[in-house]
Structure formats: structure tokens, C-alpha cells
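Residue numbers begin at 1 in each chain, while the letters A, B, ... track the order of the sequences. Note that this is a predicted model, so its numbers are computed, not measured.
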Amino acid sequence: MTLRSSPRSFTAQPRSDVFISGGGPAGQTLALALAQGGLSVAMADAQPPAETLAEHFDGRAFAIAFANMRMWKALGLGEALAPHAQRIEKIVVADGRIGGPARDGVSLSHLFFDREEIAPGADGEALGYMLEYRHIRRALDQAVRAEPRIRFLAPMTVEGFEAGPAGVSVRLASGETIASDLLVGADGRKSFVRRKAGVDVVGWPYPVTAVVATVRHEKPHGGVAHELFLPAGPFAILPLTGHRANIVWVEKHKAAQALLAMREEDFLAELRPRFGDFLGALSLEGPRFGYPLSLQLATAMIAPRTALVADAAHGVHPIAGQGLNIGLKDVAALAECVVDSMAAGLDAADPSGLERYQRWRRVDNVSMAAATDVFDRLFSNDNLGLRVARRTGLALVNAIGPARRFFMRFAGGAEGALPKLLRGESLAA
Amino acid sequence: MTQEKAPLQSPSIDPAELAKFAALAAEWWAPDGAFAALHRMSPVRMGFVRDRAMSHFQRPQGRRPLDGLTAYDIGCGGGLASLPLARLGAAVEGIDASPEAIGAARAQAAALGLPAVFSVDAVEAMAARGAKPADLVIALEIIEHVADLRSFLEAIEALVRPGGLLILSSINRTAKARALAIMAAERLLRWAPEGTHEFEKLVKPEEITSALPGFAWEKPVGMSYSVLDRSWRLSADVSMNYLLAGARPG
């Protein structure tokens with residue numbers, strides 16, 4: 001590939017060290033991390049900011065692993081996120097049947113993750129934090145707009161790009177062309193950057209949709225998250241601030257469509273037997289959302305002058321709440337590799353740096369995709385044999401302390417060699 | 001790459017020559033081109049140069065830690081080390097005997113808008129005409145290619161200002177280097193064209209330090225390649241690739 005422009009007009013173009021296509025949570029976090037490392041960033045997002053920041057743009061809430069929360073704090077988002085972050089003190093995983101967590105009580109089929117085991121003490125680190133998407137978006141958006149090293153263009157579409165020996169030249173819908181060392185595709189599952197860079201994907205859809213809603217409940221939840229494995233798929237109760245919880249309810253497409261369409265009182269009537277009555281009376285807060293699930297993995301995370309992060313590189317089954325979390329781990333690793341390259345005077349897209357990023361993240365991403373897929377197949381099935389096997393499995397994992405702690409730290413994001421940001425350290429020189 | 005106008009403004013530069021060499025820039029700077037193996041060394045080599053220079057000249061952290069320093073990159077080739085030095089803030093001049101390499105370096109510097117200067121020149125000629133000594137002189141992966149090591153090193157000495165820093169890197173003359181750097185790297189892995197290195201011309205670190213006894217030399221540092229990670233790292237093993245830093249007393 002060659003650059004179309006002559007060297008002179010190339011240098012006359014506006015130039016940023018890195019161009020990020022996609023201004024979602026992963027793209028914005030990356031922009032902030034690179035800016036902290038002293039790099040200049042241009043970022044384009046196709047959606048108008050007013051829409052993405054609207055109260056009901058996206059009803060999901062995310063269980064943010066403690067390592068990722070450390071990164072956001074290291075990037076200066078701690079204050080903006082703190083009022084909206086619900087600490088997760090304990091996670092209860094259960095092989096449920098309709099009847100709810102309260103009725104089951106403590107049984108062999110329960111698996112406990114308790115934050116006391118990884119960070120003892122009253123003010124120890126939480127297992128994770130529940131955060132609603134809109135709060136994440138607002139905090140990131142504010143920080144990005146306050147950062148002079150970031151030029152954020154939204155709504156703006158990337159129409160094409162050409163990579164060459166002296167840089168990558170990105171063509172925007174506005175007619176403007178921006179030159180950069182490196183182009184990052186943070187543009188989601190249908191990533192244009194990935195397609196144009198010639199990177200293939202493998203994957204398959206699941207025959208299920210996740211129904212997501214926020215409920216208000218009578219009694220305090222105490223920071224306990226529940227993940228129940230019902231015959232159709234997982235059902236999660238995730239604590240939010242106040243007397244509220246986010247529910248993620250996976251059902252076959254048809255059943256999910258019905259749940260999304262039915263009247264509110266009918267929905268609550270379906271919900272109660274699954275949710276149980278341990279938190280008292282329930283009511284719905286805001287609309288319900290449906291997300292069809294699929295697994296997708298890019299065959300590479302890098303191409304010449306190009307890197308893919310988050311959903312552009314991998315979409316996993318959101319069974320363990322790992323989608324955004326592993327995307328943020330990509331961000332931490334890529335930012336460190338790129339900042340290290342530039343600190344040695346090299347191009348931001350130095351091939352050794354990009355390869356280091358891919359090595360760092362690929363194993364984690366593939367194993368997480370495989371683990372959540374197997375986990376889902378094991379649990380989303382009402383076969384009696386499997387039922388016995390998983391009850392035994394859960395009880396065993398629970399009984400073996402070290403294995404449980406490993407699983408918990410893995411879900412929390414603290415396993416393996418951690419990028420600096422995930423240890424809570426700054427990338428500033 | 002096409003070129004419409006000469007990107008550099010200097011009386012010594014012929015735009016037609018630049019256009020001719022622009023195509024070679026693609027080879028020097030292509031990630032999978034003939035110089036890919038050398039590119040892979042860049043992170044660790046440039047990290048070493050930056051760290052030694054920052055500590056010697058007591059520079060603070062930052063994006064341009066070498067700001068204001070003058071530097072010569074001897075045997076610069078396509079500018080693989082000169083351009084990083086320019087990014088780090090040094091006023092750098094790359095020297096190479098090959099006009100093709102210098103053309104490629106100029107084209108890449110122009111395309112990136114980096115202010116590095118490149119000259120087809122030889123260190124002996126520079127020393128003879130009293131070229132201005134620089135704060136920092138680097139000669140990376142070059143001494144194993146020179147015909148007369150002693151004359152080369154003596155000329156280099158004259159290019160380092162008193163109080164300045166000299167950094168060299170090369171391949172040691174050991175049995176291991178013969179087996180790996182020459183046999184494996186050139187003939188099996190094809191990292192470098194066959195015949196790139198001749199065993200007899202390889203230089204031991206102590207041959208450099210004894211040739212320039214006036215410098216305060218640090219202990220040589222090894223560079224080791226991990227086949228699994230496909231990357232280089234600093235190591236204590238100097239039997240293959242090594243880096244050597246020495247300060248010229250002020």
C-alpha cells in the first residue's frame with residue numbers, strides 16, 4: 001500500500017499520533033490513556049453525542065472489574081464515577097430453577113465469591129463495581145472533552161484509510177483527511193476498520209437474547225450480585241446504587257421478544273418467580289432493552305499501522321459480565337505498548353509494539369471467549385446429567401479455596417502480567 | 001510513493017535524487033521488508049540509547065528528553081535510529097556511505113516531517129576536516145562492517161565532544177555468534193541477506209574499549225532474542241549482541 005499524498009502535502013495535513021475510530025467506552029478510555037502518556041489523539045464516533053448521552057440510550061449496567069476501576073481512577077475518572085458506582089461485595093453463582101435465590105437458600109449448588117478473600121478489611125477493594133452505562137458515558141465524555149490532547153469528532157464517519165510507510169491517512173465524511181502513525185479500530189462488532197484492514201472474524205450467533213432492565217426493590221441488596229443458571233440461560237441480579245438492581249435475563253429469541261413487548265405488570269409477574277422475594281416488592285424503572293447474543297473473534301488484533309480493541313476484536317457471550325472488561329484490558333495493554341514505543345522515539349505503530357500488544361491480549365481474549373462459551377453450553381441446558389455435573393462442579397470449586405480465589409481474581413481481572421493502568425499506575429512520563 | 005516537490009530545503013539536496021530514492025524508503029521502512037530484523041531491535045536499542053543519554057546528560061522525563069542535544073548517527077542506513085533520536089528532541093545528523101540509504105532516510109524524514117539531516121559521508125573525512133563534535137554519537141550495528149576498525153574508532157572519537165557520550169552496538173566474535181548470528185539468522189531464518197556478516201570482521205567489546213582508552217566505559221550489556229516472543233530484550237549475556245556506552249571525559 002502507498003500513500004496517495006506527496007510527502008509535503010502529507011506533513012501539511014493535520015496530524016495526530018493516533019487516530020481512534022469509535023468513541024464508545026473503550027475508544028474514549030484509550031484516548032484518555034494515550035493523552036496521559038503525552039500522545040495527541042483524534043477520535044471519530046458515528047453517533048451524535050446527544051443520542052449516546054441520553055438517559056435511555058443504553059439500559060445496560062456493567063460489572064466493572066476492580067482492575068479496570070483502578071485504570072479509570074488512574075485516568076482521573078474516580079470522582080465522576082464514585083457517586084454512581086455500587087460496590088460488589090459478594091457474588092453468588094447458583095444453579096437455579098425457577099424459584100429464586102431466596103428460596104434455594106444456601107445449597108451445594110451455590111458458589112460464593114467474597115471480596116474479603118482477595119482484599120480483607122472494611123475498606124478493601126471491592127470485587128467489582130456496578131455502573132450504569134449512561135454514567136460511564138457521561139464521565140468519559142466529560143473527561144475526553146476536557147483533555148486538550150484529544151480532538152473528538154462526533155458525529156463523524158470514517159470513510160476510508162490508506163496505510164503506508166510514513167503513516168496512515170484517514171478520510172472522514174467531512175472531506176477532511178487526518179494523518180496518524182496508528183489507526184485503532186474501537187468501532188464495535190461490525191468494525192469498518194477491521195473489515196477494511198482485511199482481518200477475518202470467526203464466530204457464531206447464540207439463539208438467545210439478553211433482556212435487560214432496571215428494577216427498584218424494597219430492601220437493601222448489601223452489594224450482593226446473583227448469577228443464576230436457569231434452563232433457558234443465565235439470569236443475573238446486579239446491585240446498583242440505592243435500592244435498585246440491573247437484571248440480565250437470557251431467553252430464547254421468541255420468549256425474549258414476548259418479555260420485551262408485554263405490559264409492565266405482566267413482565268413483573270414473569271420476573272417475580274425468578275427474582276424471588278428476598279429483596280421485597282419489585283417495580284420497574286425505565287424501559288426494557290433486548291440484546292441478541294453472539295460470539296465473535298477477530299483472527300488477528302493487529303494489521304500494518306492498525307490495532308483492534310474491544311468488540312472490534314472480540315465479542316464474547318456476556319455471561320460473566322466480561323465483554324466491556326476484556327475490552328478495557330485491551331485498552332490498558334495497547335496504551336502501554338504505544339506509549340512505550342513513542343517513549344523510545346519510535347513510531348506509535350512500531351511493529352514490535354503492536355505485536356507485543358497482540359501477544360499480551362490474544363491468549364486472554366481467546367480463553368475468555370472459550371470459557372464463557374463452554375460455561376454457557378454447560379449451564380444453558382436442562383439435561384439431568386449436566387445438572388448433576390454442574391452442581392458437583394460448583395460445589396467442588398467452592399470447596400477448593402485456591403481455585404475459587406483464582407477464578408475470582410480472573411473475573412476481577414487481576415490475573416497474569418498486568419498493564420500499568422490496571423495496577424492503578426499512570427502512563428505519564 | 002510519488003513525490004511532487006522536494007520536501008527538504010537545503011542547497012545540497014537534489015529533488016530529483018530524492019524522488020529516485022523515495023521508492024527505497026518503502027524497503028527500509030516496510031515492516032516486512034529487508035530490514036525487518038533490524039526494526040525488531042529498535043525498541044530495546046533505542047530504549048538503551050535514550051536511558052543512557054538521559055542519565056549521562058541528566059535529562060528529565062518527557063516526550064523530548066534529548067531536546068537541545070546534538071547527535072551523529074554513524075552508519076545510519078535508512079535512518080532507523082536517527083529518526084527516533086529526532087523524535088526524542090536531538091538535533092541529529094545521520095551519516096552513511098551509501099547514497100541509496102541516505103536517500104531513503106531523507107525521504108522518510110520528510111514524509112514524517114522530522115528535522116533530521118542526512119549526509120553521504122565517512123567519519124575519517126569528517127574528522128580530517130574538523131567537523132563539529134556532537135554531544136551524543138551512536139554507531140549501531142556498523143563496526144562489524146568497517147574495513148579498518150582502528151581508523152574508524154579514532155575518527156569517531158574526534159566526533160564526540162569532551163563530556164559527550166558514545167554508544168555502540170554490534171555482534172560479538174564468539175562461537176555462539178558464529179552459529180546463531182551468521183548461520184541461523186542469515187542462512188536459515190533469512191533475517192539478513194546471506195553474506196551480511198563475516199565472522200572475522202566481528203568485534204569483541206574489549207577491542208573497542210582498548211582502542212579508545214580515553215573513554216570511561218560502562219560494562220557492556222547484552223541483547224537477547226526470544227524466539228517465542230519474537231522480540232529482543234536486554235540481558236547479561238554479551239556473547240551475541242551487545243551494547244556499549246562510554247563517556248568522553250570533559
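Proximity to chain A (any heavy atom under 4.5 Å) is restricted, for B:Ser231, to the side chain, taken from C-beta onward.
Every residue was checked against the side-chain hydrogen bond (donor to acceptor under 3.5 Å, both in side chains) condition with A:Glu147, not counting sequence neighbours, and none meets it. Residues passing the side-chain contact (heavy atoms from CB on, under 4.5 Å) test with B:Val44, sequence neighbours excluded: B:Met223, B:Trp232, B:Leu234. Every residue two or more places apart in sequence or in another chain that forms a salt bridge (charged side-chain N to carboxylate O under 4.0 Å, His left out) with B:Arg52 is listed here: B:Glu218.
The environment of A:Glu159 atom CD is dense: over 12 non-hydrogen atoms of other residues, nucleotides or ligands sit within 6.0 angstrom.
Taking every heavy atom of both residues into account, A:Asp350 and B:Pro43 meet most closely at OD2-CG, 3.6 Å. A pairwise comparison of heavy atoms in B:Arg50 and A:Ala344 identifies NH1-N, 3.5 Å as the closest pair. Here the closest non-hydrogen pair linking B:Leu112 and A:Arg15 is CD2-NH2, 3.8 Å.
The backbone N or O of A:Pro165 lies less than 3.5 Å from a partner atom in the side chain of B:Gln108, making a donor-acceptor pair.
Residues of residues 79-89 of chain B that come within less than 4.5 angstrom of chain A, heavy atom to heavy atom, are B:Leu83, B:Pro84, B:Arg87, B:Leu88 in numerical order.
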Please step through side-chain contact (heavy atoms from CB on, under 4.5 Å) for the pair B:His39 and A:Asp347, ending with a clear verdict. CA-CA 11 Å; B:His39 276 283; A:Asp347 196 300; over 6 Å; no

